[in-house]
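What follows is a single structure, written as structure tokens, with notes after it.
In what follows, chains are A, B, ... by sequence order, proteins preceding strands, each numbered from 1.
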2 protein chains.
Amino acid sequence: MEDLEIFVNVVEADGFTAAAALMNMTVTATSRRVKALEERLGVRLLNRTTRRISLTEAGQIYFDQVRRILSELRDAEEQLSQLSGSARGTLRVTAPMTFGVRRLAPWIARFADAHPQLQVQLHLDDQTIDIVGQGLDMALRIGYPRDSSLIARPILPVARYVCAAPAYLQKWGAPQTPLDLLRHSCLHYDNLSVREEWTLNGPDGPEAVEVQGRLCSNNGEVLCEAAVQGLGIVLLPDFMVEQALAENRLQRILEGFEPPPFTLYALYPSRHFVPTKIRLLLDFLILAAGQGAIGRHFSGNPP
Amino acid sequence: MEDLEIFVNVVEADGFTAAAALMNMTVTATSRRVKALEERLGVRLLNRTTRRISLTEAGQIYFDQVRRILSELRDAEEQLSQLSGSARGTLRVTAPMTFGVRRLAPWIARFADAHPQLQVQLHLDDQTIDIVGQGLDMALRIGYPRDSSLIARPILPVARYVCAAPAYLQKWGAPQTPLDLLRHSCLHYDNLSVREEWTLNGPDGPEAVEVQGRLCSNNGEVLCEAAVQGLGIVLLPDFMVEQALAENRLQRILEGFEPPPFTLYALYPSRHFVPTKIRLLLDFLILAAGQGAIGRHFSGNPP
DNA sequence: AAACACTATTGCGTAATTTGAAATAATCGG
DNA sequence: CCGATTATTTCAAATTACGCAATAGTGTTT
């Protein structure tokens with residue numbers, strides 16, 4: 001029976017080795033199980049050359065059916081655990097590095113504590129990962145995803161602040177309008193280009209400024225640290241700079257000109273029945289983000 | 001995975017003991033597998049009192065889904081073996097006793113010989129059996145079945161003959177019309193009544209006669225043997241009397257008055273994809289019956 | 001009410017199955 | 001034609017499943 005799942009995985013991973021790695025099995029076992037399945041059915045499902053595999057005609061038919069059937073079975077079991085209300089097993093989550101450390105970590109800890117039968121694996125990585133391919137249950141990402149096979153649930157508005165170190169401002173003066181940024185060193189994300197456009201919503205509507213600076217990076221913490229050291233002005237998400245702001249190593253500028261906030265999305269595979277463990281985490285995150293947001297985002301000013 | 005099948009069987013058999021017997025398993029194993037399934041799902045599926053079992057709410061939902069899914073899986077695998085064209089596994093057939101010995105046995109032997117990978121189990125029994133409940137693949141029965149969940153495929157017309165022993169006829173004279181039967185001892189099937197109605201199609205249409213005799217039985221061979229011994233007149237299917245007729249221990253009478261023939265049906269469970277092994281046997285039987293019937297039923301007189 | 005009959009679960013020793021590391025065979029790319 | 005990668009096979013070890021017998025529990029019967 002499990003053979004079916006293995007067979008499907010081998011086909012989807014296009015190879016025994018890849019499939020075995022995906023399922024944390026040895027190649028030996030994988031090969032044997034598929035072979036056993038073929039012998040049970042009395043039909044060859046895969047054409048193997050040692051270098052590549054392909055489905056036989058029968059295998060193609062069987063694969064299509066079995067994949068659907070397995071998916072229905074998963075649905076049935078999900079439906080089951082839904083009415084039991086409790087979740088068990090393993091929940092694999094991925095999130096961006098800094099967000100994961102600063103915001104997610106305490107939430108996840110509380111969540112894991114609330115569900116002792118659930119083992120939570122939190123994988124922090126700034127790369128966007130193929131979530132279904134890696135067997136992940138949920139990805140937390142900033143910005144809307146391209147992969148439309150995923151459900152994207154907005155979790156949290158992420159405010160962004162324009163900040164600089166007090167020493168920098170003392171030396172170069174604080175910009176009063178977005179246009180002033182042109183005369184400053186603006187540290188920005190590395191989108192493979194030297195220039196970046198910052199859009200700020202002022203009293204007269206949005207203003208776009210094409211900034212440039214002496215440093216850019218694909219890592220927000222690098223930018224934050226550089227700003228702290230007085231290298232320039234940064235535009236970063238709240239969680240990235242809140243500590244530096246609290247310690248007065250950075251201070252906000254251009255407060256009348258808010259950059260449009262990002263949104264943090266929870267991404268998870270689209271299914272008939274959303275697994276309970278995903279549902280639980282989702283609800284928990286929405287709740288946690290909502291509670292935490294009251295003070296931080298919606299009712300007033302940042303700390 | 002097999003656990004699913006076991007669970008479904010336990011529910012359908014309404015008990016571990018019955019299900020175990022059906023699957024040729026021990027009750028121990030059955031109980032353990034269901035328990036393992038429940039533990040894997042983390043949900044109790046069955047409410048057991050040691051005397052009776054019932055589905056929990058979750059179990060009911062799961063059962064419905066899983067039964068459907070398993071049926072789809074079987075379909076998929078059948079579809080597979082259909083395009084392979086060959087059959088394997090076990091084919092369980094039931095048939096009436098005498099028909100099985102006289103007609104079916106040589107056919108089945110040839111069929112089994114033609115399909116070495118198929119193990120054929122022929123269960124001869126004059127009782128009509130719950131074919132799906134007993135895990136049978138096909139039942140051969142004379143007369144149309146009540147169970148509408150089965151597909152009934154006519155295989156063979158079964159002519160019936162009115163016969164008596166030569167000695168009997170010499171002593172009492174041969175009846176010339178159906179009405180003459182009233183003056184004779186007619187050995188008939190035991191339908192829990194002493195009387196039976198014989199309908200014979202004569203030149204002026206069907207004539208029904210309510211016969212009675214000194215012996216009745218629910219077993220055709222008993223009647224045949226009794227007739228050979230001169231106890232009376234019988235109306236029996238061809239296969240039941242052909243040997244006695246060939247050896248002149250019986251002879252046909254009232255040849256101008258043919259009783260309406262019976263029909264032998266092949267009964268098998270209705271499914272999306274008829275299993276290859278059933279399909280093969282069915283085709284084989286139709287062919288065999290057709291070939292054998294040319295001389296025996298359609299073109300002329302019996303031997 | 002109490003004994004009975006039947007059913008499901010558990011303990012334990014045994015047997016079968018499965019497993020992984022390493023060796024082997026086989027194929028694609030250079 | 002060789003090197004690199006991939007699937008299969010070999011064989012011993014370990015995990016797992018199994019059946020028998022005993023246990024516990026429930027509905028029925030006397």
### Task
Output yes when A/E5 and A/R33 qualify as a salt bridge under the 4.0 Å nitrogen-oxygen rule, no when they do not.
no

### Message
To the nearest 10°, give me the bend of the helix from C/dA1-D/dT30 to C/dG30-D/dC1, comparing the axes of its five terminal pairs at either end.
### Response
40°

### Message
One pair to check against side chain to side chain donor-acceptor pair (under 3.5 Å): A/T94 and A/R141. What are the steps and the verdict?
### Response
CA-CA 9 Å; A/T94 180; A/R141 293 290 154 200; 3.2 Å; yes

### Query
Do A/R68 and A/D64 meet the salt-bridge criterion of a basic N to acidic O distance under 4.0 Å?
no

### Query
Who are the salt bridge (Lys or Arg N to Asp or Glu O under 4.0 Å) partners of B/E78, not counting sequence neighbours?
none

### Message
Using a 6.0 Å cut-off, check whether atom CD of A/Q60 has over 12 heavy atoms from anything other than its own residue.
### Response
yes

### Query
Would you find more than 12 non-hydrogen atoms of other residues, nucleotides or ligands less than 6.0 Å from A/Q121 atom CD?
yes

### Query
In Å, rounded to the nearest 0.5 Å, how long is the span from CD1 of A/I69 to OH of A/Y62?
7.5 Å

### Query
Rounded to the nearest Å, what distance is computed from the CG atom of residue A/N47 to the P atom of nucleotide C/dC28?
12 Å

### Task
Could you state the atom-to-atom distance from CE of B/M23 to P of D/dC18 in whole Å?
11 Å

#### Entry: Neighbour count above 12 (heavy atom, 6.0 Å) for B/F262 CZ
no

### Message
At less than 4.0 Å, is any side-chain N or O atom of A/K35 found next to OP1 or OP2 of D/dT9? Yes or no.
### Response
yes

### Query
For B/E57, does the CD atom have more than 12 heavy-atom neighbours from other residues, nucleotides or ligands under 6.0 Å away?
no

### Query
Looking at DNA chain D, which of residues 12-20 of chain A put a heavy atom within less than 4.0 Å of it?
A/G15, A/F16, A/T17

Protein-nucleotides 16-22 of chain C N/O pairs under 3.5 Å:
from: C/dT19; atom 1: OP1; to: A/R33; atom 2: NH1; distance (Å): 3.1
from: C/dG20; atom 1: OP2; to: A/T26; atom 2: OG1; distance (Å): 2.8
from: C/dG20; atom 1: N7; to: A/R32; atom 2: NH2; distance (Å): 2.8
from: C/dG20; atom 1: O6; to: A/R32; atom 2: NH1; distance (Å): 3.3
from: C/dG20; atom 1: O6; to: A/R32; atom 2: NH2; distance (Å): 3.2

### Message
Just so I know, are the side chains of A/Y268 and A/D137 near enough to count as touching, which here means a heavy-atom distance under 4.5 Å?
### Response
no

### Task
Verify the contact: side-chain N or O of B/T49 to OP1 or OP2 of D/dT26, cut-off strictly under 4.0 Å; return yes or no.
no

### Query
Does a side-chain heavy-atom distance below 4.5 Å link B/I6 with B/M25?
yes

### Query
Where along residues 51-60 of chain B does a heavy atom come under 4.0 Å from DNA chain D, residue by residue in number order?
B/R51

### Message
Measuring from atom CG of B/L285 to atom CG of B/L140, what distance do you get when rounded to the nearest 0.5 angstrom?
### Response
6.0 Å

#### Entry: B/R40 CZ to D/dA17 P, straight-line distance once rounded to whole Å
13 Å

Show every donor-acceptor pair shorter than 3.5 Å between a side-chain atom in residues 35-42 of chain A and any protein atom, with sequence neighbours excluded, or say none if there are none.
from: A/E38; atom 1: OE1; to: A/R48; atom 2: NH1; distance (Å): 2.9
from: A/E38; atom 1: OE1; to: A/R48; atom 2: NH2; distance (Å): 3.2
from: A/E38; atom 1: OE2; to: A/L45; atom 2: N; distance (Å): 2.8
from: A/E38; atom 1: OE2; to: A/L46; atom 2: N; distance (Å): 3.1
from: A/E38; atom 1: OE2; to: A/R48; atom 2: NH1; distance (Å): 2.8
from: A/R40; atom 1: NH1; to: B/E77; atom 2: OE1; distance (Å): 3.3
from: A/R40; atom 1: NH2; to: B/E77; atom 2: OE2; distance (Å): 3.1

